[in-house]
Amino acid sequence: MTVLLGAVADDFTGATDLASMLARGGMRTVLRLGAPDADEPAPGAEAVVVALKSRTAPVEEAVAQSVASWRWAAQAGAEQCYFKYCSTFDSTPHGNIGPVAEALMAATGAVQTIYCPAFPENGRTIYQGKLFVFDQLLSESGMRNHPLTPMTDADLRRVLGTQLSDGAEVGLVPWATVVRGAGAIREALAALAASGAAHVIVDALTDADLAALGQAVADMPLVTAASGLGLGLAASFGAAGRLAGGQPDALPQIGGETLLLSGSCSTATNDQVARWRNDGAALMQLDPLALADGQETADSVMDWLRGQAGPALIAATQPPDAVEAAQRALGRNRAAALVEDTLATIAVMARGAGTRRFVVAGGETSGAVAKALGAERLAVGPSIAPGVPWCATLGPNPVALALKSGNFGGETFFADALESAP
Ligand code: ADP
């Protein structure tokens, strides 16, 4: 089996999200957590998704890791590169979406690429280049308060423009064109290329729009998008007769206790944690200030955990005012590092005590936990909610991981995850 598609995701939950889309679209997909060594053998798969933790890394580091990951996939045969970022276009005025896309264009030889963070199933749509989260502009959604990448502008052309090199032109394929299908999109992209627009935002409101876009960009060396485009691209490979087909492999049966960890402070996760608490389930609330002065430690949390009879949730999840207070006292990065390190240490200790199933809420948080657990290659299983599949490490003694992007999942997400745990 030859690798056809090489994807590079800027966080771990985004990678599992894209991998689940590609698998749903019929591609044999393997997830690689963390940048592979250049000489690491490629997995037998039609799509590989490399999960980086590069969303908030220094620009040069994000660029270097993304390009190296693509080169590894290309060496295994990948013909097309997919740069996956969040459906809320999480980034800062300095990057990393623009700089990584420019570097991947150079590495793949692409003269033009598209940007399409739409994920209609989760309410993310793009119209006239403006990104919506359900009925709100991105800048009016909970994303304006994100602890690391606050998004205060919904105009994707403007947001991307500030991240690209001086003089880079950003074009738009509007929905009126997209709805006319793949041919119309291709013509619009060619016209924009002729006028010098190497970077093109593409509107999309529905899965049908993404299917048409998937067809239109089947031959582009590089696409950049959230996970929504994955289905459309997989369908293009299928239509071209490039996929083996058949049933995807099932996850192994793992069983035992499941540990729930949350470092996401998104609106959706706050609601999910509140629902878990209101349902009377076991919850330990972490406070970065208490972690900083040593009042709370991974050891003290483990003592509490050992006293719980059923599944427990350990959460640093807080509403925006509490997050701001912690950041004012500790600095944004220190507050984040304290939470991430503590949750990762707890996961390692719990695994030592026999736990083999973990649910982690938060993109950065998932990166920290999966890395600490040493999870490298994952098979992708059934979804708990759109964009959140159960995964299992390949090889002996598998560990199951469900990595949830902060904004994903319904209010009963944690209970839903327990119900479908492998
Ligand atoms: P999401 O997927 O919702 O963006 P992430 O895990 O990517 O979640 O980002 C949330 C960040 O906020 C993490 O770096 C986490 O460590 C940090 N964080 C979590 N809880 C708190 C808190 N109470 N105060 C400050 N920062 C926090």
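Since this is a predicted model, take the numbers as computed values, not measurements. First listed ligand is number 1; within each ligand, the first listed atom is number 1.
With hydrogens and angles ignored, the 3.5 Å screen pairs no side-chain donor or acceptor of S141 with any backbone N or O of V133. A donor-acceptor distance shorter than 3.5 angstrom exists from the side chain of D293 to the backbone of Q295, with no hydrogens or angles considered.
Residue A336 holds the heavy atom nearest to atom 16 (O) of ligand 1 of all those in G406, A337, A336. The option from G263, P319, G362 that lies nearest to atom 10 (C) of ligand 1, judged by heavy atoms, is G263. For the residues A335, A322, S366, A368, the heavy atom positioned nearest atom 26 (N) of ligand 1 is part of A335.
When only interatomic distances are considered, the shortest N/O to N/O separation between S264 and ligand 1 falls below 3.5 Å. Ligand 1 has no nitrogen or oxygen under 3.5 angstrom from a nitrogen or oxygen of K404. Considering backbone and side-chain atoms together, G363 places an N or O closer than 3.5 Å to an N or O of ligand 1.
Counted within 6.0 Å of NZ on K371, heavy atoms from surrounding residues, nucleotides or ligands total 12 or fewer; the atom is thus considered open.
Under the 3.5 Å distance criterion, with hydrogens and angles disregarded, a donor-acceptor pair is assigned to the side chains of Q163 and S91. Judged purely by distance below 3.5 Å, without hydrogens or angles, the side chains of E376 and T393 never pair a donor atom with an acceptor atom. Side-chain N/O atoms of S405 and N407 include no donor and acceptor closer than 3.5 Å. A donor and an acceptor atom, one from each side chain of D11 and T13, are located under 3.5 Å apart. For the 3.5 Å distance criterion, the side chains of E61 and S54 fail to qualify, holding no donor opposite an acceptor. For the 3.5 Å distance criterion, the side chains of T224 and K84 fail to qualify, holding no donor opposite an acceptor.
Interface atoms of ligand 1 facing A326, defined by a heavy-atom separation under 4.0 Å, are 24 (N). Atoms of ligand 1 lying under 4.0 Å from any heavy atom of P147, numbered from 1 in the order shown and given with element: 12 (O). Within the listing of ligand 1, atoms 23 (N) sit less than 4.0 angstrom from a heavy atom of Q318.
Looking at atom 27 (C) of ligand 1, its nearest protein heavy atom turns out to be C265 SG, 4.1 Å. For atom 14 (O) of ligand 1, the closest heavy atom belonging to the protein is E340 OE2, 2.6 Å. What sits closest to atom 24 (N) of ligand 1 on the protein, heavy atoms only, is P288 CG, 3.5 Å. The protein atom (non-hydrogen) at minimum distance from atom 6 (O) of ligand 1 is T365 OG1, 2.6 Å. Scanning all protein heavy atoms for the shortest distance to atom 4 (O) of ligand 1 gives H146 NE2, 2.4 Å.
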Inset, instruction - Apply ring-ring contact (aromatic ring centres under 6.0 Å, His included) to the pair Y115 and F83, showing each step before the final yes or no. - result: CA-CA 9 Å; Y115 298 79; F83 172 35; 8.3 Å; no
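Contacts with ligand 1 closer than 4.0 Å are made by side-chain heavy atoms of L148 only, the backbone lying farther away. At a heavy-atom cutoff of 4.0 Å, ligand 1 is contacted by both the backbone and the side chain of E364. Heavy atoms of A316 found under 4.0 angstrom from ligand 1 belong to the backbone as well as the side chain.
Contact analysis leaves T269 out of contact with ligand 1, as no non-hydrogen atom separation drops below 4.0 angstrom.
Under the 6.0 Å distance and 45° angle rule, K404 counts as a cation-pi partner of F413.
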